[in-house]
Protein chains: 2
Amino acid sequence: MSSSTKDRILDAAECLFAQHGFEGTSLRAVTSEADVNLASVNYHFGNKIGLFQAIFERRVGHINDARLEQLDRLQSRGLPPSLEELLEAFVGPALRLTSREGEGFESFMRLVGRMSTVSGQHAEVIRDVFRDVQERFFPAFMQALPHLSAPEVFWRLHFLIGSMCSYLADPCRLELISQGHCRSDDPEESLRQLVAFAAGALRGPSALPHPTTPASKESHP
Amino acid sequence: MSSSTKDRILDAAECLFAQHGFEGTSLRAVTSEADVNLASVNYHFGNKIGLFQAIFERRVGHINDARLEQLDRLQSRGLPPSLEELLEAFVGPALRLTSREGEGFESFMRLVGRMSTVSGQHAEVIRDVFRDVQERFFPAFMQALPHLSAPEVFWRLHFLIGSMCSYLADPCRLELISQGHCRSDDPEESLRQLVAFAAGALRGPSALPHPTTPASKESHP
DNA sequence: CATCGGATCAAACGGTCGTATGAAACGGCC
DNA sequence: GGCCGTTTCATACGACCGTTTGATCCGATG
């Protein structure tokens, strides 16, 4: 047997969840793809959402560790990290592990991207799992972007995560809509494009020169 | 009767699809919410995916018309439109109609954002529906960004759409992760932040000085 | 060998799903 | 009133859903 039942279920499930979504994937499809008995899912993971959670627990450590390790390395030097270095540490592992760890990780990242737009309990699972990364990176970005206020940094990081997740959700879509102008099979090229995009986005001037009273005007012109 | 059966189904469906996704929403939930008979869906829309398509056909005309009309106005002047003007015309209607046309449109935009990360036939429905807008805006962006190659403009517009859709999918998430630092109830503020983000992102320097050949074949300083 | 606990199995449970059907209600028109 | 096309209705169909059950396998332990 090449791998354990548990792992085969996880592999099949993360692939199918990424393709068809959580509700769009039946446990029968998972166990059939994994070539295990239907009841194994409930035996090993309790229920369907337990399986969903286990998928994240298996993968998310690697990517978060890689991010934080890279951030540690940057911060252990004397001078504060540059914006590009921070971006590399934040989005690099997400894009690179995709190709280094085999197609399993690719499916997982597609799943992350896909689940980034849902709400409800699935969204909470994901938010919880990335919370500590966010809390470590946010102050670092704040320091690297002294021209932006805290809310503005939040806004832009939020948009940045949206860009990244949209790309992760389906890297091939760019090839489609660009009618072949863009290739998406090279993670280094993707990373370069995303970092360039994000660096410009974060470095751009503040949207409000003087963020005074938020509710100043009530008039309708 | 306040509105037709057809419209009541569409209203309920776009709200529920936005909340729970396509597979996560049953036709029984839709017809129950709309207070109509279950069989009405199949009578008026053929089947479930026909209903999905009808949701888009009802709304997407408004937003695309608003975008193209704004683009026409910009292009009918003598000088070519600025980057900020283009961005306003592209993302403005998507964000603004949300609040002007009532909560129906807000649900619809959430649905668009949510569906932006799926693949399969639903994705095709959405791509088809936004294709002409893309084909009108892309050359305009190309002209406004002479420092970028065509593939790079594709990359960045793709990332930009990801940012926008991520925001549309759940405007409240930003409030959550920023722990109240950011408000998401003012579409004008959101638009300002998104345009500032996107303008910086698109104006940023090219990622590759010579992006024509992907491999290291041809070096040309 | 016997035993025992974890792992796997086929089979079934009660529900819910999307869809189909045929009858009833409705409204304009002769 | 009588007719007819459109819309609404209650109901049913077969399929599939997530979950549970109890029997069976199997390797480690004594």
Side-chain angles (χ1 to χ4, degrees), chain A residues 1-58 111 114-115 118-126, chain B residues 1-58 111 114-115 118-126:
Chain A
M1 190 180 296
S2 64
S3 57
S4 74
T5 298
K6 224 168 161 175
D7 278 330
R8 285 221 305 287
I9 294 175
L10 287 171
D11 288 340
E14 84 183 345
C15 179
L16 291 174
F17 282 165
Q19 281 184 277
H20 309 110
F22 182 78
E23 284 90 0
T25 303
S26 70
L27 293 183
R28 282 169 176 82
V30 170
T31 54
S32 169
E33 171 83 12
D35 202 42
V36 302
N37 189 272
L38 170 62
S40 313
V41 171
N42 285 63
Y43 176 77
H44 285 287
F45 305 102
N47 51 24
K48 195 181 181 184
I49 197 139
L51 169 60
F52 182 78
Q53 212 149 352
I55 289 175
F56 278 78
E57 281 163 8
R58 180 174 68 154
L111 179 60
R114 193 181 173 131
M115 289 301 155
V118 310
S119 18
Q121 55 182 342
H122 307 86
E124 272 178 45
V125 169
I126 300 178
Chain B
M1 189 179 297
S2 64
S3 56
S4 73
T5 298
K6 225 167 161 174
D7 278 330
R8 284 220 308 286
I9 293 175
L10 288 171
D11 288 340
E14 83 182 344
C15 178
L16 292 173
F17 283 164
Q19 280 184 277
H20 308 110
F22 182 78
E23 283 91 359
T25 303
S26 70
L27 292 183
R28 282 170 176 83
V30 171
T31 54
S32 170
E33 171 83 15
D35 202 43
V36 303
N37 189 271
L38 169 62
S40 313
V41 172
N42 285 57
Y43 176 77
H44 285 287
F45 306 102
N47 51 24
K48 195 181 181 184
I49 197 137
L51 169 60
F52 181 78
Q53 211 150 352
I55 289 174
F56 278 78
E57 282 163 7
R58 181 175 67 153
L111 178 61
R114 190 178 175 134
M115 288 300 155
V118 310
S119 18
Q121 53 183 342
H122 307 85
E124 272 177 47
V125 168
I126 300 176

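Here is how names work: the chains are called A, B, and so on, in the same order as the sequence lines, proteins then strands, and each is numbered from 1.
We find that NZ of A:Lys48 is positioned 17 Å from C1' of D:dT20, with the value rounded to whole Å. Taking atom CG on A:Leu51 and atom C1' on D:dC17, their separation rounds to 15 Å, with Å as the unit. Distance NZ (B:Lys6) to C1' (D:dT6): 12 Å, rounded to an integer number of Å. Separating the CG atom of B:Asn42 from the P atom of D:dA12 is a distance of 18 Å, rounded to the nearest angstrom. For B:Arg28 and D:dA12, the CZ to C1' distance is 10 Å, given to the nearest whole Å. Whole-Å rounding puts the B:Arg8 CZ to D:dC9 C1' distance at 14 Å. Atom P of nucleotide C:dC9 and atom CG of A:Leu27 are separated by 16 Å, given to the nearest angstrom. Atom OH of B:Tyr43 is separated from atom C1' of C:dA20 by 15 Å (rounded to the nearest Å).
Contact annotation: side chain of A:Asn37 to base of C:dA10, donor-acceptor pair present below 3.5 Å.
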(request) Evaluate side-chain contact (heavy atoms from CB on, under 4.5 Å) for B:Leu27 paired with B:Asn42, printing each intermediate quantity in order. (result) CA-CA 10 Å; B:Leu27 292 183; B:Asn42 285 57; 4.2 Å; yes
(request) Starting from the C-alpha separation in whole Å, work towards a yes-or-no answer on side-chain contact (heavy atoms from CB on, under 4.5 Å) for B:Arg58 and B:Asp7. (result) CA-CA 10 Å; B:Arg58 181 175 67 153; B:Asp7 278 330; 3.6 Å; yes
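Taking only side-chain nitrogens and oxygens, A:His44 never comes nearer than 4.0 Å to OP1 or OP2 of C:dG6. At D:dT8, one or more side-chain N or O atoms of B:Thr5 fall inside 4.0 Å of OP1 or OP2 (strictly under the cut-off). Taking 4.0 angstrom as the limit, A:Ser26 places none of its side-chain polar atoms (N or O) nearer than this to OP1 or OP2 of D:dC16.
Taking the nucleotide of DNA chain D with the nearest heavy atom to each of A:Asn47 and B:Leu38, the more 5' of the two is matched to B:Leu38.
For the atom pair A:Thr5 OG1 and A:His44 NE2, the distance stands at 5.0 Å (nearest 0.5 Å).
Two residues are said to be in side-chain contact when any heavy atoms from C-beta on lie closer than 4.5 Å; B:Gln121 and B:Gln53 fail this criterion.
Looking at heavy-atom distances under 4.0 Å, B:Ser40 makes no contact with the nucleic acid at all. Using a 4.0 Å heavy-atom cutoff across all strands shown, A:Thr25 reaches sugar-phosphate atoms only and no base atom.
Taking the six-membered ring where the residue is Trp, B:Phe22 and B:Phe17 present tilted rings, their angle falling between 30° and 60°.
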